[in-house]
Amino acid sequence: MDDLATYAENTWCPGCGNFGILSAFKRAVRRLETDGMRRQDVAITAGIGCHAKTFDYLNLSGFYSLHGRSMATAQGMKLANPRLKVVAFAGDGDAYGEGIAHMVFAAKRNADITVIVHNNGIYGLTTGQYTPTSAKGFKGPSTPDGSVEDPFNPLALMLSAGATFVARGYPGRIDHLTDLFARAISHEGFSLVDVLQPCVSFNNTYERYNASVVELGETPESFEEALAVAGRTDGVPIGVLRDVSKPTFHQEMLGGRNPAEERASVAHRREAVAAALRQ
Ligand code: SF4
């Protein structure tokens, strides 16, 4: 029995890259459980889009967020209860379009959350409009003559924003993707796994990525080397580009405190409100 599954009917298109992401994520959770992580200490959130159905298909606690806001929601969850391992699922429109400010600031302050971006280069749920990672020339309902814009390089962007863990994966390499998810969730600090997710209905990239992804051997030693790997054009490198330690946002903000476990009593809160009103 798959105790990480829910009763929700799966409505992804057959062959969608999201299936591989869901499968790798479940494997990573199970692996981390065998290493001692408690399932009740994992919390998830998602934006809006095809990726967000992951939330419906996972039997884990969490909060279904808004378009582009899963990264902000995840930071709030972590600050409220630092014991949690918080994972935000996002689409590429979600993360690098509507939610780009949340991404940049979560990385800047080293918020201890994991962001998994289902990067398919389009808005799938609304039938294939272009996103910040669509290739130049991409034709869809909103760009019938082809997009005239160059795409974002999300890895370079997040490295520059200060992300302490940056990785890229591909659902066509499930074992590799599982490793990336497990490492990202274990990382203390902001972690991004940008996943090259083929959308078989509106941007089928299986053939392209099957022919071009290259697994990185070692993690680059310096920021400059990581940036150089992010910019490589001789194939599409997948693996960990950056993995460094730095104090996290909740440590800096709260020290060792856990607001969820140190809630003030009702009497104490009433007293505090009354005192504030007397001032
Ligand atoms: Fe997957 Fe694309 Fe179908 Fe959405 S539209 S479920 S991203 S294949």
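Order of listing sets the numbers, starting from 1, for every ligand and every atom in it. Along the sequence shown, the residues carry numbers beginning at 1. Every heavy atom of this structure was used, including side-chain atoms; hydrogens, water molecules and symmetry mates were not. Bear in mind the structure is a predicted one, so any value in this text is a computation, not a measurement.
Atom CZ of Arg232 has more than 12 heavy atoms from other residues, nucleotides or ligands within 6.0 Å. Heavy atoms from other residues, nucleotides or ligands lying under 6.0 Å from CD of Glu221 number 12 at most.
Heavy-atom minimum distance, Met103 versus Ala95: CG-O, 3.1 Å. Nearest heavy atoms, Gly189 versus Asp112: N-OD1, 2.8 Å.
Within ligand 1, the atoms closer than 4.0 Å to a non-hydrogen atom of Phe202 are 5 (S), numbered from 1 in the order shown.
Taking a cutoff of 4.0 Å between a charged side-chain nitrogen and a carboxylate oxygen, Glu262 and Arg257 qualify as a salt bridge.
Protein atoms that are N, O or S and lie under 2.8 Å from atom 1 (Fe) of ligand 1 are these: Cys16 SG.
Aromatic ring orientation, Phe55 versus Tyr64: tilted (interplanar angle from 30° to 60°).
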